[in-house]
Amino acid sequence: MNCDGILAAVGEFGRYQKILIFLLWLSVIPIPWCSLSNTFFSASTDHYCRVFANQTYQQDSPLKNCTIPYDASNGWDQCHRYDINVSDGISPDVCFPRDSKIKCDNGWVYDRSTYENTVVFDFNLVCDKDWMKELSKSIVGVGQLAGGVVLGQLADIFGRKPVIIVGAFLITLTGVGTAFSPWFPMFVVGQFLISALGMGVYLTVFILGTEYVGPTYRTASSILVMTGFSVGFVALSGIAYGLQGYWRHLQLVTGSVYFLFLAHCWLLPESARWLIQKKKYQKAESIIKKMAKINSALIPEKLFPDEGGSVQEPSTDNTVTVDIVKVKDRQNTMLDLFKTPKLRSRTLNLCFNWFTNSFVYYGISFNTDALHANPYVSSAILAAVEIPAALPAWWTIHKYGRRWPLCLSMALCGLFLSGSAFVSNPTAVIVLVVAAKCSNSVSFSTIFIFTAELFPTTVRNSGIGITSTLARFGTIMSPYAMLLVNIWHPLPFFVIGLTSCLAGALGLLLPETLNRDLPDTLEEGETFETRKTTREKQVDGHGDDDSLPNDDNDHVAISSPHAALISNDNMQ
């Protein structure tokens, strides 16, 4: 199937696609709330042992001096107190001598100057339970892993639109329910489900936009959709600041607000590419005619044969010809990506690149406190730099393709992060980390587009799902990578930086996809490097004669002697 031939006829980026991209952009804005809210949920601050009920945190006080051990090199002990009784008041007789220490047996008091209440405060995730705080962050990656695989496969089986609508509804339901979690395990389950649903919806929204835009405008539209994620990240920082970091209020607001975005999801169309692959020609034809009408393009009255099995619709003047080669039906799955050598090597390469991009992105985003600045401001800055970074991302990807921008942006990101390991000035560290985040934004934009263009339509959502699965391992590992600070303080960013450089180099092994038609079948995906584009075929006058028989799906070839004329005269 050459659906890019249809887009050339009805308009690669007409009024219909512009409206669709705007709706998809709106859908993406609340997506970061599903995964990055945990940056504020699981934030930790200074704390020490509570001695009596209703005790409040104080930086320095006679009570703290009397009850909390202090070491000149490590500061105040956060997990132990002196075994003394101060119920009758503080006096030298009570405070000295202080020979025995015990673990905090009455809870902790927390510095609430920055965060009113976090999961750490609510469930006392400190000292022996400190690992549970990191678990609450890593569970986000586990959820994204499951969501990318499961919802990606479901989108290839049942369609893009049902996954988006059902996913958005369940995000609202789960988000509101999680805000009332009385136990930490319930909170963790809620984070898993929310992040899984959010990732599945995000990938499906991105794929839907990719499949409706022609090769010439695919880069710009894809990056535009992704800027919605950055806008949502900035908004999240503002919402968290307004709620003073109170995690229950933040979860309730971000969960319930998603309901407002659910309404316009019904306006989204199903993917015409997917419908054609599923032989639902009447529905696909209805969408294509609507697209042509809105784009003021001229197309034939009948585009496809009857779904009952007509083999070929005769060609007349000014008519698009559709050839159907009948073969047995079989649902392609992500396992098909590993059955042929080229698709297999590309899939593995893309998996490692996705892993690294996520490792870098969440390694920085989850650890804004490592920048020694206000966490709300740091988060907003790191999110905001993604928006202007979209412009160089679009320019480089549009002009120089996908391979070299991916390689260079990841290499620069690695150099900036590794360099920050050897800089002691806090301002210089922030500058280098922000520069790394900008480079990471370019590489993430590139890898999204690159992946969508390399995988065939029959397994595109599944392919994005499996590559994002490996990316989630990067999300899972990023909080624990920061524990390397116990070995050497700059080591986490140094390790993340080297990984980024390696992935960028491997990206050069992938084939270039700039201005090329999307592969629709597994065979087209395997022979991608040698296939001609629609424009090349029109120039050569060969139609689709160079195509080989398709794999286990109907093969639809679109050719039109007047396609270029229709497109030029009527495309908006």
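Just so we're clear, the structure is a prediction, and the values are computed from it rather than from any experiment. All heavy atoms count here, side chains included; hydrogens, waters and symmetry mates do not.
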Any side-chain heavy atom of [X] sitting closer than 4.5 Å to one from [Y]?
X      : Y      : value
Val459 : Pro456 : yes
Phe416 : Ser439 : yes
Trp25  : Val205 : no
Leu224 : Phe22  : no
Gln17  : Asn295 : yes
Gln277 : Asp520 : yes
Thr174 : Thr178 : yes
Ile449 : Met226 : yes

### Query
Is the count of non-hydrogen atoms from other residues, nucleotides or ligands lying under 6.0 Å from Phe352 atom CZ greater than 12?
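Yes, enclosed.
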
- What residues, two or more places apart in sequence or in another chain, satisfy side chain to side chain contact (heavy atoms under 4.5 Å, CB included) together with Leu408?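 Checked Leu408 against side chain to side chain contact (heavy atoms under 4.5 Å, CB included); matches are Trp404.
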
Okay, side chain of [X], backbone of [Y]: is any donor-acceptor separation there less than 3.5 Å?
X      : Y      : result
Ser286 : Gln282 : no
Arg460 : Pro519 : yes
Lys342 : Thr527 : no
Glu526 : Leu343 : yes
Ser418 : Leu415 : no
Ser500 : Met410 : yes
Arg346 : Gly525 : yes
Glu512 : Arg402 : yes
Thr39  : Leu36  : yes
Arg15  : Ile294 : yes

Could you go through Ile171 and Cys34, starting from their C-alpha distance and side-chain angles, then the distance that decides it, and tell me whether this counts as side chain to side chain contact (heavy atoms under 4.5 Å, CB included)?
CA-CA 8 Å; Ile171 289 173; Cys34 298; 3.9 Å; yes

Could you tell me how the ring of Phe229 sits relative to the ring of Tyr361: parallel (under 30°), tilted (30 to 60°) or perpendicular (over 60°)?
-> perpendicular

task: If the plane angle is over 60° it's perpendicular, under 30° parallel, otherwise tilted; pick one for Phe13 and Tyr217.
output: parallel

Any chance you could measure [X], atom [atom1], to [Y], atom [atom2], to the nearest 0.5 Å?
X      : Y      : atom1 : atom2 : answer
Tyr281 : Leu275 : OH    : CG    : 11.0 Å
Ser42  : Ile139 : OG    : CD1   : 11.0 Å
Ile397 : Leu406 : CD1   : CG    : 9.0 Å
Leu268 : Ile165 : CG    : CD1   : 7.0 Å
Thr204 : Met199 : OG1   : CE    : 10.5 Å
Ser271 : Asp156 : OG    : CG    : 9.5 Å

Assess whether side chain to side chain contact (heavy atoms under 4.5 Å, CB included) is satisfied between Arg218 and Ile223, documenting all intermediate values.
CA-CA 9 Å; Arg218 196 177 295 137; Ile223 291 178; over 6 Å; no

Requested in this report: Would you name the heavy atoms of Cys501 and Ala411 that are closest together and state the gap between them?
Outcome: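 Distance-wise, the nearest heavy atoms are SG-O, 3.7 Å.
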
Could you check whether Thr451 and Thr467, counting side-chain N and O atoms only, form a donor-acceptor pair closer than 3.5 Å?
no

Taking atom types as modelled and ignoring hydrogens, do the side chains of Asn353 and Asn349 form a donor-acceptor contact shorter than 3.5 angstrom?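 A donor-acceptor contact under 3.5 Å links the two side chains.
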
Between Thr356 and Thr499, is a side-chain hydrogen bond (donor to acceptor under 3.5 Å, both in side chains) present by the stated rule, with each step listed?
-> CA-CA 7 Å; Thr356 304; Thr499 307; over 6 Å; no

Quiz item: Are Arg160 and Glu211 close enough for a salt bridge, meaning some N to O gap below 4.0 Å?
Solution: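 So Arg160 pairs with Glu211 through a salt bridge.
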
Hey, do the aromatic rings of Trp354 and Phe473 have their centres closer than 6.0 Å?
->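 No, the ring centres sit 6.0 Å or more apart.
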
_Please confirm whether the ring centroid of Phe187 lies under 6.0 Å from the ring centroid of Phe192._
no

Kindly indicate, with the supporting measurements, whether the criterion side chain to side chain contact (heavy atoms under 4.5 Å, CB included) is fulfilled by Leu203 and Leu151.
CA-CA 9 Å; Leu203 296 179; Leu151 271 71; over 6 Å; no

* Are Leu267 and Ile19 close enough, and set up right, to give a side chain to side chain contact (heavy atoms under 4.5 Å, CB included), and what steps lead you there? -> CA-CA 10 Å; Leu267 301 176; Ile19 295 173; over 6 Å; no

Determine, stepwise, if the pair Glu386 / Asn440 fulfils side-chain hydrogen bond (donor to acceptor under 3.5 Å, both in side chains). CA-CA 9 Å; Glu386 298 178 13; Asn440 176 248; over 6 Å; no

### Task
Please assess Tyr400 against Trp395 for the test ring pair (Phe, Tyr, Trp, His ring centres under 6.0 Å), listing each intermediate value before the final yes or no.
CA-CA 8 Å; Tyr400 298 106; Trp395 184 80; 5.5 Å; yes

